[in-house]
Enquirer: 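First, the structure itself, so that you have it in front of you.
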Amino acid sequence: MAKLIFNSTEKSNFILNMKTHEYQKFLLRILLGLAVLTPLFSLPLEFAKLYSVPGMAIAIIGVLAMVFVLIGFMKKVTPKTLFLPAGLLGGMAVWSLISAWNSYFYNVSVFGADGRSEGVLSVIFYGCLFLLGAQLGKASNQQKLLNGLLWMGLAECAWGLLQALPIGMLSYYKDLEPLLVFRTFLPSGLTGSPIFLAILLNLLTLPAMLGAAFAEEKKQRIFYTICTGVFVLFSVKTQCLIGLAAPAAALLGLLIYGIVKHGGKRLAVSAVTAVLAFAVGLGWVYVSPSMNGTLDRMSGMETLHENGIVLYDAGIMWKDSSYRLEVSGYYVPDAAECRNGTFDAADLGETYGFFWRNTASVMGKYPIVGTGPDNLVYPQMYQSHKISANANTFDRCYNYYLHLGATMGVPVLVMFAVLMGWVLVRGAKGCKGSTWLTAGIFGAVVLYLLMMVIGTSAVTVAPFFWMLAGCAAGGAGEKE
């Protein structure tokens, strides 16, 4: 007899009578669905200020994820090993709601700021994506998920190519007004920022590198090799610190794994592809000023920008927040009224130090419940109720750990640290004697956590980290 649910008179095939492998197929489709919807729903914001649209993708898929997480517990197919992370994720969600209740703006904390969409609901949705990724089961499901994300990454780079060429393509990063530098043509894909694009591409680069060296099928190795070269090339062209540092870290991970596994010629091909792509990317960056006709007006006069390797982190950060989304004040290099202080945006040390110093100060004032999710900008406002009138304010600290502690409190930061510690332990154990796929996913999670020291969460990128973190915690998956 088929099982019934809620005392219904009909067979409940969809839920209680669903086979485990059928359940896992649904999970895979949900996760892949987000890889399709996220860039599609981000597209309108490239042409008009429709701030709420990108967050609709995570809202739609997040609700489906919540339903299937509940189904997993109801059917008792969720492994008991996931009870601990589920408890931690639940604790983070509850505490983020407490933080929202004590926040500057409750609605912003629940739904997230316009264009950011990382409020309480995102905490819940990310947790559900994690649990779905951890229950994919077969290694083939994990590989299908990875391949889907790689195709998404290639699509982002294709759009980024149109943005990086001086052909008149609409792009927020054609100019960097915060630095008074124009005709820069930085690629951001459909992630919203060159820094976000660099984070996304490097989340996927190490699995692609390992697949290029160790995948069994030749056509798969060719696909992964193409992804490796394209991702490294466009990561460098974003002209931010992560875009340069993370590919080098991924290459180091490839060499360590390859030497341990005696990769041979295929390892050399993957490594050489990455190195050549990095070199070509640096060359592209070097000649971009002359190719684009880049203009510098910082001195008060319009001058042609000389060729060279330049990183634009600060310009990207304030272009994203103040000019693109209007969720922070403008960058002003010498404004005496800036309570947060001033700094030289051309100096990376000063730029990141400015973010970290001021965010640590906010966290010191609100250590228990924080300012509320997506409310970091409000305690910095002192001159006007209009956000843009408060110079040098920011809504994102480019250190995710400080940002988490400042916005949702130290308890959430501690729970996140415990959860990631559990993931790393589980993932490291799963890598012993396993395939390149498991090592690649685990390496992607490690690299993302390292990038977050100078990076930040974004609704167009973070969901894919959470699902891969779930896969890493789930280990090598079931045997075929």
Side-chain angles (χ1 to χ4, degrees), residues 14-15 18-46 50 52-73 75 77-78 89 111-112 116-118 121-159 189-192 196-197 199-201 203-204 207 223 227 437 441 444-445 448 457-474 477:
F14 180 69
I15 299 179
M18 189 192 309
K19 303 297 183 183
T20 300
H21 68 90
E22 294 174 333
Y23 174 70
Q24 293 168 348
K25 285 183 179 179
F26 276 107
L27 304 189
L28 177 61
R29 290 169 185 167
I30 291 171
L31 298 179
L32 288 175
L34 186 60
V36 175
L37 291 185
T38 295
L40 285 180
F41 278 62
S42 299
L43 189 59
L45 187 53
E46 293 294 307
L50 302 172
S52 62
V53 178
M56 292 172 62
I58 186 64
I60 294 170
I61 297 299
V63 170
L64 285 174
M66 288 175 62
V67 170
F68 274 82
V69 166
L70 292 175
I71 290 174
F73 281 105
K75 286 176 59 62
V77 297
T78 302
L89 290 165
F111 299 103
R116 298 299 192 192
S117 301
E118 287 203 309
L121 291 179
S122 73
V123 177
I124 298 171
F125 294 154
Y126 291 170
C128 291
L129 293 174
F130 175 92
L131 293 173
L132 262 56
Q135 297 179 78
L136 278 181
K138 294 182 179 179
S140 61
N141 287 339
Q142 295 183 354
Q143 185 162 6
K144 288 176 183 177
L145 174 61
L146 175 62
N147 289 346
L149 297 182
L150 293 176
W151 278 111
M152 179 193 68
L154 289 176
E156 295 278 6
C157 290
W159 191 267
L190 294 169
T191 64
F196 300 164
L197 179 61
I199 293 172
L200 175 64
L201 295 181
L203 175 66
L204 303 175
F223 171 63
C227 290
L437 177 64
I441 291 174
V445 172
Y448 182 91
S457 178
V459 73
T460 52
V461 179
F464 308 112
F465 158 73
W466 283 98
M467 59 179 71
L468 289 179
C471 289

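All heavy atoms count here, side chains included; hydrogens, waters and symmetry mates do not. Predicted, not measured: the structure shown is a model, and the values here were computed from it. Numbers here are sequence positions counted from 1.
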Enquirer: Counting only N and O atoms by type, is there a donor-acceptor contact under 3.5 Å from the side chain of Thr191 to the main-chain atoms of Thr460?
Expert: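 No: the side chain of Thr191 does not pair with the backbone of Thr460.
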
Enquirer: Nearest heavy-atom pair of Gly72 and Tyr23: which atoms, and what distance?
Expert: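 Looking at all heavy atoms of both residues, the shortest contact is CA-OH, 3.2 Å.
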
Enquirer: Please report the interatomic distance CD1(Ile61) to OG1(Thr38), rounded to the nearest 0.5 Å.
Expert: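 Interatomic distance, Ile61 CD1 to Thr38 OG1, rounded to 0.5 Å: 8.0 Å.
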
Enquirer: CZ/Phe125 to CG/Leu34 distance, rounded to the nearest 0.5 angstrom?
Expert: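 If we round to the nearest 0.5 Å, Phe125:CZ and Leu34:CG are 11.0 Å apart.
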
Enquirer: Please tell me if the side chains of Gln135 and Thr78 come closer than 4.5 Å, counting only heavy atoms from C-beta onward.
Expert: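 Side chain of Gln135 against side chain of Thr78, heavy atoms only: contact under 4.5 Å found.
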
Enquirer: Going by heavy atoms in the side chains, are Leu129 and Ile58 under 4.5 Å from each other?
Expert: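 Yes, side chains in contact.
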
Enquirer: Just wondering, do Ile60 and Phe41 contact through their side chains at under 4.5 Å, heavy atoms?
Expert: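 Side-chain contact under 4.5 Å: yes.
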
Enquirer: Of the non-hydrogen atoms in Leu154 and Cys227, which two are nearest, and what is the gap between them?
Expert: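 Shortest heavy-atom contact: CD1-SG, 3.8 Å.
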
Enquirer: Any side-chain heavy atom of Phe465 within less than 4.5 Å of one from Ser457?
Expert: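 Side chain of Phe465 against side chain of Ser457, heavy atoms only: no contact under 4.5 Å found.
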
Enquirer: Can you check whether Leu150 reaches Leu146 side chain to side chain, under 4.5 Å on heavy atoms?
Expert: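 Yes, close enough: below the 4.5 Å cut-off.
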
Enquirer: List in chain and number order the residues that pass side chain to side chain donor-acceptor pair (under 3.5 Å) with Glu156, two or more places apart in sequence or in another chain; answer none if no residue qualifies.
Expert: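 Applying side chain to side chain donor-acceptor pair (under 3.5 Å) to Glu156 gives none.
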
Enquirer: Could you measure the distance from the CG atom of Leu132 to the CZ atom of Phe68? Nearest 0.5 Å is fine.
Expert: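 These two atoms lie 8.5 Å from each other.
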
Enquirer: Please list all pairs meeting side-chain hydrogen bond (donor to acceptor under 3.5 Å, both in side chains) that have one or both residues in residues 57-72, counting only residues at least two apart or in different chains.
Expert: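 Listed by first then second residue: nothing to list.
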
Enquirer: Find out whether Met152 and Leu200 are in side-chain contact, i.e. whether some heavy atom of one side chain is under 4.5 Å from a heavy atom of the other.
Expert: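 Yes, close enough: below the 4.5 Å cut-off.
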
Enquirer: Checking Leu43 now: which residues fulfil side-chain contact (heavy atoms from CB on, under 4.5 Å) with it, not counting sequence neighbours?
Expert: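 Partners of Leu43 under the side-chain contact (heavy atoms from CB on, under 4.5 Å) test: Phe47, Trp159, Leu190.
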
Enquirer: For residues 144-155, pull every pair meeting side-chain hydrogen bond (donor to acceptor under 3.5 Å, both in side chains), keeping only residues two or more places apart or in separate chains.
Expert: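 Listed by first then second residue: Asn147-Tyr224.
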
Enquirer: What's the separation between atom CD in Gln142 and atom CD in Gln24, rounded to the nearest 0.5 Å?
Expert: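 CD of Gln24 is found 10.0 Å from CD of Gln142.
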
Enquirer: For a quick test of reading the model, state the closest non-hydrogen atom pair linking Gly127 to Leu89 and the distance between them.
Expert: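 It is O-CD1, 3.6 Å.
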
Enquirer: Rounded at 0.5 Å granularity, tell me how far CD in Gln143 sits from CD1 in Ile441.
Expert: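 CD1 of Ile441 is found 9.0 Å from CD of Gln143.
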
Enquirer: Taking distance alone, no hydrogens or angles, what donor-acceptor pairs closer than 3.5 Å link side-chain atoms of residues 467-474 to residues at least two apart or in another chain?
Expert:
none

Enquirer: With heavy-atom distances below 4.5 Å as the criterion, would you say the side chains of Leu28 and Leu136 are in contact?
Expert: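 Heavy-atom side-chain distance check passes, below 4.5 Å.
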
Enquirer: Within a strict 4.5 Å, meaning less than it, do heavy atoms of the Val459 and Ser122 side chains meet?
Expert: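 Answer no - side chains too far apart.
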
Enquirer: Over 60° means perpendicular and under 30° means parallel, so classify the ring planes of Trp466 and Phe130, tilted if in between.
Expert: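 Because their plane-to-plane angle is over 60°, the rings of Phe130 and Trp466 count as perpendicular.
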
Enquirer: Which heavy atom of Ala139 sits nearest a heavy atom of Leu437, and at what distance?
Expert: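 The answer is O-CD2, 3.4 Å.
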
Enquirer: Restricting to side chain to side chain donor-acceptor pair (under 3.5 Å), what partner residues turn up for Tyr448, sequence neighbours left out?
Expert: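 Tyr448 satisfies side chain to side chain donor-acceptor pair (under 3.5 Å) with no other residue.
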
Enquirer: What is the distance from atom OG of Ser117 to atom CE of Met56, rounded to the nearest 0.5 Å?
Expert: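 Those atoms lie 10.5 Å apart.
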
